[in-house]
Amino acid sequence: MEQFAFGVIAVITLGSAYAVVSARTVFVSAMWLVLSFVGVAGIYVLLGAHFLAVTQVLVYVGAISVLLLFAIMLTRDLMEEESSINRQWVLSLIAAGSVFGVLGILGYLTDWSLAWPPEAMSATATEAGAEAAPAIDMVDALGRSLMSEHLLAFEVVSVILLAALVGAIVIARD
Amino acid sequence: MTPTIPLWWYLLVAAGLFSIGVYGALTRRNAVNVLMGIELMLNGVNVNAVAFWRYITPQGSDAPAGFGMDGQVFAIMVIALAAAEAAVGLALIISIYRTRKTVELDDYSLMRG
């Protein structure tokens, strides 16, 4: 059952991702991109990272897609215009295919012996899943982790966000 | 929850997302489309980070609630940086469009020398 759900979500995600790079107009690409983001959120749910799934929907589906649509609509009437691909598509196909091949073969062949033994993993999963409101626990742990061991990265990212905010306004004005 | 799905399924999906993003970023002429390809690549990386978090997180004794959260923290950082990158990138595209009236990357040859 879970494998079936994974298959459906994977097909939706990858299919709409392919539609993003093969759609005729930029606007249609953006629509497919939204569906692909939703599929990735589904993968997060399957992995048990519920907070990340919500964040994915908020940030990617809610914010970045709208930003993309704004850019598309501000720059000419791209809705009707065909968006072409350049001359190096054969090379790009070879590059992307070899990246996929290497990553896929490595991911399949590597013995992830660091992995929890299955019985330990399922025990942990049930232990964490059987507790009341495991998602809340996880958000709690995530917040503590962000504010303790990853505090420096957290602060740096906030400064970067501020710089990007100011920079985007300054660049796009006048 | 997850043990019925082997780890490499997730890795395969992530690799697929990343390669499709590579293909899109390399082939499309439209600058907005290239940004979309980059977003797809970032999403593939995120799926990898979360999958590794789920399957091979070292369970440190000091980790709260029995979970190390490093993978999810990575993913959150990537999402934040992707938002910043999209905002600045689209602002740049709009700014260049004002002066050059095009979003085709092949026409952005001002600095060719």
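What's counted below: heavy atoms across the whole structure, side chains too, no hydrogens, waters or symmetry copies. Protein chains get the first letters and strands the later ones, always in sequence-line order, with residue 1 at the start of each. The structure displayed is predicted, hence computed values, not measured ones.
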Proximity of B/Phe52 and B/Tyr10 rings by center, below 6.0 Å:
no
Considering only heavy atoms, which portion of A/Tyr44 lies under 4.5 Å from any heavy atom of chain B: side chain, backbone, both, or neither?
side chain
Region of A/Leu33 that comes under 4.5 Å of a non-hydrogen atom in chain B
side chain
With chain A as the partner, which of B/Asn46, B/Val73, B/Leu40 has the greatest number of non-hydrogen pairs under 4.5 Å?
B/Val73
Can you tell me how far CD1 of A/Ile105 sits from CG of B/Leu11, rounded to the nearest 0.5 angstrom?
13.5 Å
Walk me through whether A/His150 and A/Val156 qualify under side chain to side chain contact (heavy atoms under 4.5 Å, CB included).
CA-CA 10 Å; A/His150 299 289; A/Val156 169; over 6 Å; no
Which atoms of A/Ser98 come close to chain B, meaning under 4.5 Å heavy atom to heavy atom: side chain ones, backbone ones, both, or neither?
neither
If you count heavy-atom pairs within less than 4.5 Å of chain A, which of B/Ile96, B/Asn48, B/Ile93, B/Ile76 leads?
B/Ile76
Interface moiety of A/Leu68 toward chain B, non-hydrogen atoms closer than 4.5 Å:
both
Honestly, the part of A/Ala30 sitting under 4.5 Å from a heavy atom of chain B is both
What part of A/Phe37 lies closer than 4.5 angstrom to a heavy atom of chain B: side chain, backbone, both or neither?
side chain
Provide the closest heavy-atom pair for A/Ser29 versus B/Met36 in the form atom of the first, atom of the second, distance.
CB-SD, 3.7 Å
Out of A/Val40, A/Val157, A/Val102, which one racks up the most heavy-atom pairs below 4.5 Å with chain B?
A/Val40
One option among A/Ile9, A/Leu91, A/Leu93, A/Thr55 has the most heavy-atom pairs under 4.5 Å with chain B, and it is A/Leu93
Atom CZ of B/Phe74 with >12 non-hydrogen neighbours under 6.0 angstrom
no
Flag the one option from B/Val88, B/Leu92, B/Val47, B/Leu26 with the top tally of heavy-atom pairs under 4.5 Å to chain A.
B/Leu26
Checking A/Val20 against chain B: side chain, backbone, both or neither under 4.5 Å from a heavy atom?
both
Flag the pair A/Leu165 / A/Leu161 as yes when at least one side-chain heavy-atom distance between them is below 4.5 Å, and no otherwise.
no
Which one of A/Tyr108, A/Phe154, A/Phe70 has the most heavy-atom pairs closer than 4.5 Å to chain B?
A/Tyr108
Name the option with the most non-hydrogen atom pairs under 4.5 Å to chain A; the candidates are B/Asn43, B/Leu12, B/Val50.
B/Asn43
Closest contact, heavy atoms only, A/Ala49 versus B/Gln72:
CB-NE2, 3.7 Å
Using a 4.5 angstrom heavy-atom cutoff, name the option from B/Leu81, B/Leu35, B/Leu17, B/Val22 with the most pairs to chain A.
B/Leu17
Do A/Tyr18 and A/Val21 come within less than 4.5 Å of each other through their side chains, counting heavy atoms only?
yes
Assert top hit (heavy-atom pairs under 4.5 Å, partner chain B, pool A/Ala153, A/Gly97, A/Ser92) equals A/Ser92
B/Tyr23 portion near chain A, given a 4.5 angstrom heavy-atom threshold:
both
Enclosure of A/Trp32 CH2 (heavy-atom neighbours >12, cutoff 6.0 Å)
no
Using non-hydrogen atoms only, which part of A/Ala63 is less than 4.5 Å away from chain B: side chain, backbone, both, or neither?
neither
Might you point out which heavy atoms bring A/Ala53 and A/Ala41 nearest each other, and give the distance in Å?
CB-O, 3.6 Å
If you count heavy-atom pairs within less than 4.5 Å of chain B, which of A/Ala164, A/Gly167, A/Gly7, A/Ala95 leads?
A/Ala164
Which atom of B/Gly16 lies closest to which atom of A/Leu14, heavy atoms considered:
C-CD2, 3.8 Å
What part of B/Ala31 lies closer than 4.5 angstrom to a heavy atom of chain A: side chain, backbone, both or neither?
neither
